[in-house]
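Single-structure report; data block below.
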Amino acid sequence: MSCEAVALAYDDVTFRYPGACGDVLSGTTMDVPAGAFALLVGGTGSGKSTLLSLAKPQIAPAGDRAGQVRVFGRPVDELDGIEACEVGYVFQDPDNQIVCDSVWHEMAFGLENLGTPQGEMRRHVAEASYFFGMGPWFHSDTDALSGGRKQLLALASTLVMQPRVLLLDEPTAQLDPIAARNFLHALFRVNWELGCTVVVATHDPELMVGYATCAFELVDGAVRPVDDLERLGREAALADRGSGAGPGGGPGNAGASTAMRPASPSPGDANAPAAVSARGAWFRYGRDDDWVLRGLDLEVRQGEVHALVGGNGCGKSTLLSLIAGTRRARRGEVRSAISAKAMLPQDPKALFAGERVEDELMEWARIGGYGEDEARAMMGELGLADRAGLHPYDLSGGQRQMLALGKLLLVRPRLLLLDEPTKGLDRTAREQVAGMIGKARRSGVTVVVSTHDLAFVRRVADRVSLMFDGEIACTEPVDEFFRNNLFYRP
């Protein structure tokens, strides 16, 4: 195959993080054809993000690398300035990518840094805005955008640089089901209409196989082609539908659900005391901002797993912050009957302060009343025993999620608030999180989880609340919720 026929090539690439016991990539070889829509799958911590970032030296991690990465035949290390823009990169979390306070400025930012003439810059920005239908929110503040629009902005502001290869790391991980489908359709248009080669690292290939032309799997540091795309999609879909343990369940089949239920109180009992209650809660971030919550009412029963679902920007994370006590309602009230509570934020880095994984788990040992043995056991449960000496930022996105959750569980909270806990996790890790939630629940812990992962909701939740327009549109037992729903289905 000629150099022009191969858009992105990895030639015997090996990579090891500083302080790691082994290589995350070992003799990796992969050729992505020009014009492809390629999927990259693999377990949590398998190295997918590392592999993609090595094709963009400006964001590549520190470590020991051997082998070569080439874009249309040229080593990426030799590309600089405008040439370096031949590779575009869209992060999993758009907040880690967006740097400007307005949409139009974010669109122009990269071109400004390249010294692009103003007329040319305006044309590129206008074309991208028309392509993605961004006109109605072109002058909006970036911090006021929904998650779906933020992800679309991250894509558009990358594409104005006119890359020939576009790399995306779990781009739908924080999107609701409808926003995820809209984003993927826009990505397909980029590939099909603009001729841009697309490579997507994902734990959810079933959403994308209809667009894909090829796929690769990363296992034990090496890449192998996936021969049957349809089978990849079927297996992924069956894994999501078949792995649930029913309400309150964890890993296993439906027969395990009873074991996941605490003896008392019964979360199905309408007379169980309230762990959390909201009465007529209103909230907005700034005096002149739109209301995020509008007279919201909610009751979470003690000992239950209660899921919050809804579109990006509907107020789920805001409600969690009010329950946690980090923000206060402007009107009405949000009360918690449980004082021993802990919250997992969307960005787990907010909880990190240590230089090593093992230091992170020991940070709260004194206030949590646990010791090194418990921390080591948690590292083993999280699958991080061989990562103990790594800096938390050198973990994969999914491993950072697991580390943050483990850190919270060590202090044994009685109310656990989780914001997108399965973001960036493969199915095995999601099952592990389900099991950890089930274990906490059996000990009487109340769990409130905000998530777009509807298959996970079906696995772990007792009741589900759908948020819309700042209110609770409905609250139902999990089976009833999915039976009655048209669009929000796992």
Side-chain angles (χ1 to χ4, degrees), residues 1-79 84 86-92 163-171 197-203 205 208 212-229 232 383 386-387 390 393-399 424-426 428-429:
M1 193 178 291
S2 69
C3 292
E4 282 299 306
V6 177
L8 180 63
Y10 292 81
D11 299 331
D12 197 23
V13 173
T14 297
F15 184 84
R16 177 179 296 197
Y17 283 97
C21 299
D23 297 332
V24 64
L25 301 175
S26 180
T28 299
T29 297
M30 180 173 74
D31 287 348
V32 179
F37 192 120
L39 305 184
L40 178 62
V41 299
T44 298
S46 61
K48 299 187 302 298
S49 299
T50 301
L51 184 70
L52 291 190
S53 64
L54 291 178
K56 186 78 173 171
Q58 296 86 346
I59 61 169
D64 298 325
R65 192 198 86 182
Q68 194 171 82
V69 183
R70 293 179 287 114
V71 175
F72 289 101
R74 293 193 58 189
V76 294
D77 295 328
E78 297 179 5
L79 304 178
E86 288 198 350
V87 179
Y89 197 102
V90 177
F91 292 82
Q92 178 184 125
R164 300 176 69 188
V165 177
L166 181 64
L167 312 175
L168 304 99
D169 188 6
E170 295 285 355
T197 302
V198 172
V199 185
V200 186
T202 181
H203 288 306
M208 306 181 191
T213 60
C214 60
F216 303 89
E217 185 176 16
L218 183 55
V219 180
D220 296 330
V223 168
R224 61 191 183 203
V226 175
D227 296 326
D228 191 338
L229 281 173
L232 176 67
D386 61 345
R387 306 285 200 275
L390 285 183
Y393 285 18
D394 288 336
L395 299 176
S396 73
Q399 288 172 330
L425 300 183
D426 64 10
T428 300

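As the structure is a prediction and not an experimental result, all values here were calculated from the model. Numbers for residues simply follow the sequence, beginning at 1.
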For [X], what residues pass the side-chain hydrogen bond (donor to acceptor under 3.5 Å, both in side chains) criterion, not counting sequence neighbours?
X	answer
Thr50	Tyr17
Glu217	Arg224
Asp426	Thr44

[X] versus [Y]: any side-chain heavy-atom pair under 4.5 Å?
X	Y	result
Val32	Val165	no
Ser53	Pro61	yes
Phe15	Leu51	no
Tyr10	Val69	yes
Glu170	Thr202	yes

Report summary line: So ring pair (Phe, Tyr, Trp, His ring centres under 6.0 Å) across residues 27-56, not counting sequence neighbours, yields none
Distance, nearest 0.5 Å, that separates [atom1] of [X] from [atom2] of [Y]:
X	Y	atom1	atom2	value
Glu86	Leu166	CD	CG	13.5 Å
Gln92	Ser396	CD	OG	9.0 Å
Phe91	Ser49	CZ	OG	10.0 Å
Phe72	Leu79	CZ	CG	11.5 Å
Thr28	Asp11	OG1	CG	11.0 Å
Thr213	Leu39	OG1	CG	8.0 Å

Closest heavy-atom pair and its distance - [X], [Y]:
X	Y	answer
Gly27	Thr14	N-OG1, 3.0 Å
Leu395	Arg387	CD2-CB, 3.9 Å
Leu52	Leu167	O-CD1, 3.4 Å
Pro163	Gly88	CB-N, 3.5 Å
Ala222	Ser26	CB-O, 4.3 Å
Phe216	Ala38	CE1-CB, 4.2 Å

**Report entry** Lys48 side chain vs Leu218 backbone, donor-acceptor pair below 3.5 Å
**Finding:** no
**Report entry** Any donor-acceptor pair under 3.5 Å from Thr197 side chain to Gly35 backbone
**Finding:**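 Yes; judged by distance alone, with no hydrogens or angles, the pair exists.
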Query raised in the report: Does any pair with a residue in residues 54-67 pass side chain to side chain donor-acceptor pair (under 3.5 Å), and if so which ones, sequence neighbours excluded?
Result: Arg65-Asp77
Requested in this report: Would you list the pairs meeting salt bridge (Lys or Arg N to Asp or Glu O under 4.0 Å) in which at least one residue belongs to residues 12-28, sequence neighbours left out?
Outcome: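 Salt bridge (Lys or Arg N to Asp or Glu O under 4.0 Å) check on residues 12-28 returns Arg16-Asp23.
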